[in-house]
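Right, one structure below, let's go through it.
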Amino acid sequence: MECIFFFFFSFNLFLVSQSVRAINAESLIYGVEESLHNNFYQIHDDNSTPYRKSYKTHITRNSNSSSLPLAPPPTTISRLSSHLFTFPETQSTVIPDPSSFFAPNLLLSPLPTNSFFQNFVLKNGDQPEYIHPYLVKSSLSSLSLSYPSLFSNTTLTYQIFTADLTISVLNNPNPNRSHTISAFDDLSVTLDIQPSLRFFLVRGSPFLTCQVLHNVALSISTIHAILDFVPNRSKTKFKINLNNVQTWVLYSSKPISFTHNISTISSDKFRGIIRLAILPNPDYKFESVLDRFRSRYPVSGHAVFTKPFGVKYKFKKKGRGDLLMLANPLHLRLLDNSSVTVLDDFKYKGMDGELVGVVGDSWILETDPVSISWHSIKGVKQESYPQIIDALVQDVEGLNSTALDTSSSYFFGKLVARAARLALIAEEVSYPRVIPKIRKYLTDTIEPWLNGTFGENGFLYDKSWGGIITKQGSTDTFADFGFGVYNDHHYHIGYFLYGIAVLAKIDPIWGKKYRPQAYSLMADFMTVSRGANSNYPRLRCFDLWKLHSWASGLTEFPHGRNQESTSEAVNAYYSAALMGLAYRDTHLIAIGSLLTAMEIQASRTWWHVREEDTLYAADFTKENRVVGIVWANKRESGLWFAPPEWKECRLGIQVLPLLPITEVLFSDVGFTRQLVEWTLPALKREGVDDGWKGFVYALEGVYENQIAFEKMRNLTGYDSGNSLSNLLWWIFSRL
Ligand SMILES: *[C@@H]1O[C@H](CO)[C@@H](O)[C@H](O)[C@H]1NC(C)=O
Ligand SMILES: *[C@@H]1O[C@H](CO)[C@@H](O)[C@H](O)[C@H]1NC(C)=O
Ligand SMILES: *[C@@H]1O[C@H](CO)[C@@H](O)[C@H](O)[C@H]1NC(C)=O
Ligand SMILES: *[C@@H]1O[C@H](CO)[C@@H](O)[C@H](O)[C@H]1NC(C)=O
Ligand SMILES: *[C@@H]1O[C@H](CO)[C@@H](O)[C@H](O)[C@H]1NC(C)=O
Ligand SMILES: *[C@@H]1O[C@H](CO)[C@@H](O)[C@H](O)[C@H]1NC(C)=O
Ligand SMILES: *[C@@H]1O[C@H](CO)[C@@H](O)[C@H](O)[C@H]1NC(C)=O
Ligand SMILES: *[C@@H]1O[C@H](CO)[C@@H](O)[C@H](O)[C@H]1NC(C)=O
Ligand SMILES: *[C@@H]1O[C@H](CO)[C@@H](O)[C@H](O)[C@H]1NC(C)=O
């Protein structure tokens, strides 16, 4: 079932406000959805290597309909899809070929490039992925399952893959075939080992579920030693004790006969469902929970956007009884517990925190609303206007669109966004005189990227996966920090969107003229729909189970996808929402706001490390106030471009660009202080760049405003996306 954005508002305006129960409302929604499907709106239809107040809109989850912006009538919106813009098509010489793993019918639609199962479709497809609570690896016509152990020291923590159990067809005549991905969704991927085995890999399932499609004998082997293998009397439940202390339980949908030796369990011919789960806890009650839910298996799962700041998970299931899944710590914080039953004592361990049992096939997750505003939340102190204006005049004088020395989509985007900030600061301090020059600069810098006249670089369309790549990136995986292989898309495009949003705000005629190009750029990572009539895959970077983005694109990594800068990810969704404000597009405001809010929540969960937190191992927590790179299956103190000791870089890359939304990202003042105090000693090193110091002082300014201001005044350089005007704007809008 597709989810369509239109319902954010129709849902709230017409249904919730009239106290119609959600469940009824939903079936109504799906009915509407079908009929709208064919001519839907752009962001739905169309739409390791790397580095590298006046307009406030409040959308509140708990508020009633009157405070929500009104949606334009859907007919107006759907008209847009008839003249969709796409950047000129190109054939990349460096992009991998998706056809080796995806089933032919899936190749007809845009394909995911930053997904939780990306390793399964790159190179040989044989690197593991973390399908909580297991690491899963598929190679040579077999699938291996690992309940991983944790490695952790002060700079690194990751889970170790061990092939605890490996499932294959016994005496397979074609033992070396690679798998096929026959289906995927937000929360699931279906992996087939042709012709007989189908694995429903649904995120958070305590059971691995395998459908044996033909009557074949199975082999379940281990790298450990099998101490004993105990069937129950009806031969539908088996316990496997291994010499590494693990006990696994195997359930079968029908009686099945097995023989075993020290390393392999072999079955008679069988057709049906096999489920495997580890018993992480010898408690009898734990096992009885698995027994109770053994017969209901999930086959897929997807997320639906039903209302502002809410996401609903829907799991499709087969078999009998209730569905048991596991929730990660962020889910548990956001979960509406009236929709499901939480089994507090049923827990699996994992690097993302404890995974706790949840019974129910439909979960509602709700986050605190964030307000997307152009300007600082509390405003700038009026007595500080002159100081900011002095800096502003200088910074605007320095703008020269013919003197830019970069053709990198990343650094160019940062310069565009930096200039756009100056325009909004000018608005805040009531100094509109500089705006025309900024407008000209923005026009001169943005247009060539949108109209294909930039020269050395530019945006092009790759049809193989469905997305925008850069000209430089189409022949070089390292160019533009790997943009050509779908690395960092939300970062680069986010900066451009910021510039576009501001330019469309201050020059609506320009905005109207370039709207098709602007929307095409935005849709690259903001598309919500899926299917062949879309130019882009659904939400290129955002992971709807982890509730944050991945940056890494189409590069095989043993520890899965990764993301370094959460603040640049927040910038991307925030900028998309600002674009929604500029274009009065309530759908875009809503999805942009939701993803902004979720990305912030996830940053606080997995990147920000409070002294008192217990999610990571004690040694790691003690030494790190913020994670450098979060991988699907690893946490690192180092950055792509800096060692762990360069704490100012680690702080900075989680702060930049400094924006009104930064207030929300660092609204926990206690943590902000911990982070700054942890960073400050690193500034005593020789050669620390002033650009990075600016972000440290900005955060210090949250709780020591005057001291931070004095330190800022001593800076002689700023990050390329930052400026003195912006630092002063920040410091004078704190209190
Ligand atoms: C709905 O909004 C109105 C106007 O802001 C307010 O008076 C009323 O209390 C709100 N109702 C609820 C249920 O929040
Ligand atoms: C942590 O472990 C990694 C991998 O074994 C090692 O390279 C690194 O030096 C260790 N860090 C410290 C501080 O011991
Ligand atoms: C399968 O691959 C292994 C090693 O990769 C090789 O030794 C073996 O000969 C192959 N078997 C067949 C039937 O191709
Ligand atoms: C074997 O285990 C299954 C699953 O728990 C259960 O349904 C069945 O009744 C058991 N059979 C016997 C004879 O205990
Ligand atoms: C165990 O059985 C499997 C499957 O029949 C066989 O391939 C393997 O060689 C056997 N291992 C030992 C140690 O006997
Ligand atoms: C649901 O959550 C609320 C608020 O956290 C809590 O007070 C309540 O006990 C929970 N209910 C159940 C059934 O867990
Ligand atoms: C802008 O930069 C160009 C190229 O460096 C230079 O020729 C020109 O004089 C500059 N314009 C201003 C107003 O500084
Ligand atoms: C593209 O944008 C540049 C920069 O604003 C402008 O000079 C040029 O005329 C535009 N070209 C086309 C074909 O629109
Ligand atoms: C600013 O620089 C001056 C000269 O180096 C130094 O004396 C002063 O302590 C600095 N101020 C702060 C707040 O670092």
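Keep in mind it's a predicted model, so treat the numbers as computed, not measured. In listed order, ligands and their atoms are each counted from 1.
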Lys/Arg-Asp/Glu bridge criterion (N-O < 4.0 Å) met for R421, E428: no

F525 and Y536 aromatic centres sub-6.0 Å: no

Ring centroid separation F87 to Y461 under 6.0 Å: no

Ring geometry between H492 and Y410 (parallel below 30°, tilted from 30 to 60°, perpendicular above 60°): tilted

N or O contact, N451 vs ligand 8, cut-off under 3.5 Å: yes

Closest protein heavy atom (residue, atom, distance) for atom 5 (O) of ligand 8: E447 OE1, 2.4 Å

Exercise check, heavy-atom protein proximity under 4.0 Å to atom 7 (O) of ligand 5: no

Proximal atoms of ligand 5 relative to N261 (non-hydrogen, under 4.0 Å): 1 (C), 2 (O), 3 (C), 8 (C), 10 (C), 11 (N), 12 (C), 14 (O)

F483 and F459 aromatic ring geometry - parallel, tilted or perpendicular at 30°/60° bounds: tilted

Identity and distance of the protein heavy atom lying nearest atom 13 (C) of ligand 5: I262 CG2, 3.8 Å

The one among N176, N174, L140 that brings a heavy atom closest to atom 14 (O) of ligand 3: N176

F85/Y519 aromatic ring centres below 6.0 Å: no

Per-atom contact, atom 2 (O) of ligand 3, protein heavy atoms, under 4.0 angstrom: yes

